[in-house]
There are 2 protein chains.
Amino acid sequence: MPATKIISSPVCHVTCFEQEKVARIKAELAKEEQLLPQLAELYKLLGNVTRLKILLALAHGELCVCDVSHVLGLTIAATSHQLKLLRSQGWLTMRNDGKMVYYRVHNESLLKALKGDFCLLEERLA
Amino acid sequence: MPATKIISSPVCHVTCFEQEKVARIKAELAKEEQLLPQLAELYKLLGNVTRLKILLALAHGELCVCDVSHVLGLTIAATSHQLKLLRSQGWLTMRNDGKMVYYRVHNESLLKALKGDFCLLEERLA
DNA sequence: TTATCATTTTCGTAATCGTCTAAATGATAA
DNA sequence: TTATCATTTAGACGATTACGAAAATGATAA
């Protein structure tokens, strides 16, 4: 009976063709659903050339805000803003030294993941 | 002389502290600069829970637009829009069968990369 | 204290994004 | 042909985003 009943989405009024498959997939997604927003958040963070450049610039050691801004060719304010974003999500840490603030990558695994995704693109080009 | 000359960014008027390091990093970035926009584009695409769900839903085989929309709980129109986006960037392919249109993942490597990044998050939680 | 300097924060703006509704395709069937 | 159905496209709307300009912190030095 449940297999023959035609269900409709609450949003659209189109019938569902493969109910069981859809139900199974929804159940599977439900397990990952908790982490998906976090994963999307990470991808959003990485989906910006400025922030990617920051991560690559800091890949080999810390830099002060001013130097990062020179690398980027952006305002100090804009640079600080992006650094804060990356820090607030736990991917950078900062260190105070007098008036200066130095930022560095907090989690090396992030750089590895980045490299992996970079390879995905290169592979596709070939 | 080049090491002692103080340069200023054309954008902001702040002095640059580690000129040589900054110059070296800029040179390094220049090599990757061509692919960075594409990488950011990919990340932007993945930085959305709806599209992540689509990829995971299609991970085990093709689905018609209607069924995908049921999985997502979204309008057919919204679903079609996101499917088109993923297809236009080469990550999905479609197949016509009468009135129906079936979508599937075009590049398995994308799913692997996705899984890798997923692990990065899980690792961080531990 | 006051002045200076690196950085952060606030605010405004233009652009992009994700979704909806409604109209338009495009294919099948009567 | 006309009717129906799955999908796509167009247009509109609210939400988010990235940046610059300018004001506000916070630390150092005179």
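Reminder, nothing fancy here: chain letters follow the sequence lines and each chain counts from 1. The basis for the numbers below is simple: all heavy atoms, side chains too, and nothing from hydrogens, waters or symmetry mates.
Closest non-hydrogen pair, B:L35 versus A:L121, comes out as O-CD1, 4.3 Å.
Where A:E41 and A:A77 each meet DNA chain D at their nearest nucleotide, the meeting point lying more 5' is that of A:E41.
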- Given Watson-Crick or G-U pairs with both distances under 3.5 Å, what dot-bracket string fits DNA chain D, with | for other-strand pairs and [ ] for crossing? ||||||||||||||||||||||||||||||
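A salt bridge between B:K53 and A:E32 is absent, with no side-chain N of the basic residue lying under 4.0 Å from a carboxylate O of the acidic one.
Using a 4.5 Å cut-off on side-chain heavy atoms (C-beta onward), A:L56 and B:L36 make contact. Counting heavy atoms from C-beta outward, A:R124 and B:N107 have side chains that approach closer than 4.5 Å.
With 3.5 Å as the limit, one finds no donor-acceptor pair spanning the side chains of B:N48 and A:Y43.
When distances run from any side-chain atom of A:S80 to the nucleotides C:dT7, D:dG20, D:dA6, the shortest one goes to C:dT7. Side-chain atoms of A:C66 lie closest to C:dT7 of the nucleotides D:dA18, D:dT7, C:dT7. Here D:dT9 is the nucleotide among C:dT7, D:dC19, D:dT9 with the atom lying nearest to any side-chain atom of B:K84.
Close to C:dT8, at under 4.0 Å from its OP1 or OP2, lies a side-chain N or O of A:Y103. For A:Q82, a side-chain nitrogen or oxygen approaches OP1 or OP2 of D:dC19 to under 4.0 Å. Neither OP1 nor OP2 of D:dA18 sits under 4.0 Å from any side-chain N or O of A:T50. Between A:T75 and D:dG20, a side-chain N or O to OP1/OP2 separation shorter than 4.0 Å is present. At least one side-chain nitrogen or oxygen of A:N48 sits closer than 4.0 Å to the OP1 or OP2 atom of D:dA18.
A straight line from OH of A:Y43 to P of D:dT17 spans 18 Å, rounded to a whole angstrom. Taking atom CG on A:L83 and atom P on C:dA6, their separation rounds to 16 Å, with Å as the unit. As a whole-Å value, the separation of A:L85 CG from C:dT10 C1' is 15 Å. If you take NZ of A:K99 and P of C:dT7, they are 10 Å apart, rounded to a whole angstrom. The separation between B:L86 atom CG and D:dT8 atom C1' is 16 Å, rounded to whole Å. Between the CZ atom of B:R87 and the P atom of D:dT7 there is a distance of 14 Å, given to the nearest Å. The distance from atom CG of A:L74 to atom C1' of D:dG20 is 10 Å, rounded to the nearest whole Å. One atom, NZ of A:K44, and another, C1' of C:dC17, lie 10 Å apart when rounded to the nearest Å.
Residue contacts for B:T79: at a heavy-atom cut-off of 4.0 Å it reaches no nucleic acid atom on any strand shown.
B:T79 contributes a side-chain N or O that, together with a main-chain N or O of B:T75, makes up a donor-acceptor pair within less than 3.5 Å. Judged by distance alone, the side chain of B:S69 and the main-chain N or O of B:C66 form a donor-acceptor pair under 3.5 Å.
A cation-pi arrangement is not found for A:R51 relative to A:W91, the charged atom failing to lie both closer than 6.0 Å to the ring centre and inside a 45° cone about the ring normal.
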